[in-house]
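So the structure is just underneath, and the comments pick up after that.
Keep in mind that this is a model prediction, so the values were computed, not measured. Every heavy atom of this structure was used, including side-chain atoms; hydrogens, water molecules and symmetry mates were not.
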Amino acid sequence: MQVSIQEAKANLSSLIAAVEKGEEVVIARRNTPVVRLLPVAAESPTPPKGPLEYLTELPAKLDQFLEKKFEEELARDFKGKRKS
């Protein structure tokens, strides 16, 4: 559907409802299309991960890190020592 700027001003709510139902709305100035109304979901890319989403990856990496450090400390502490 194509409407003039005046029609868009007068009927914005109904135009938004039409877009939400999947209809394409073009706003024209003197019969020349200048704007297309689109739903936000159609234009939005996947949002980047938030800081808390990275926490799900942390435990496995932390366990690997701590295990390596623990093994290094054990090797350092008991190097050269024998059981009696």
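The distance from the CD atom of Glu24 to the CD atom of Gln2 is 10.0 Å, given to the nearest 0.5 Å.
Qualifying side-chain contact (heavy atoms from CB on, under 4.5 Å) partners for Gln6, counting only residues two or more places apart in sequence or in other chains: Ser4, Lys9. Here Lys69 pairs with Phe65, Glu72 under the side-chain contact (heavy atoms from CB on, under 4.5 Å) rule; sequence neighbours left out. Glu67 is linked by a salt bridge (Lys or Arg N to Asp or Glu O under 4.0 Å) to nothing, counting only residues two or more places apart in sequence or in another chain. Under the rule for a side-chain contact (heavy atoms from CB on, under 4.5 Å), the partners of Leu12 that lie at least two apart in sequence or sit in another chain are Ile16.
Grouped by direct or indirect side-chain proximity (heavy atoms under 4.5 Å, Ile/Leu/Val/Met/Phe/Trp/Tyr only), Val34 sits with Met1, Val3, Ile5, Leu15, Val19, Val25, Ile27, Val35, Leu37.
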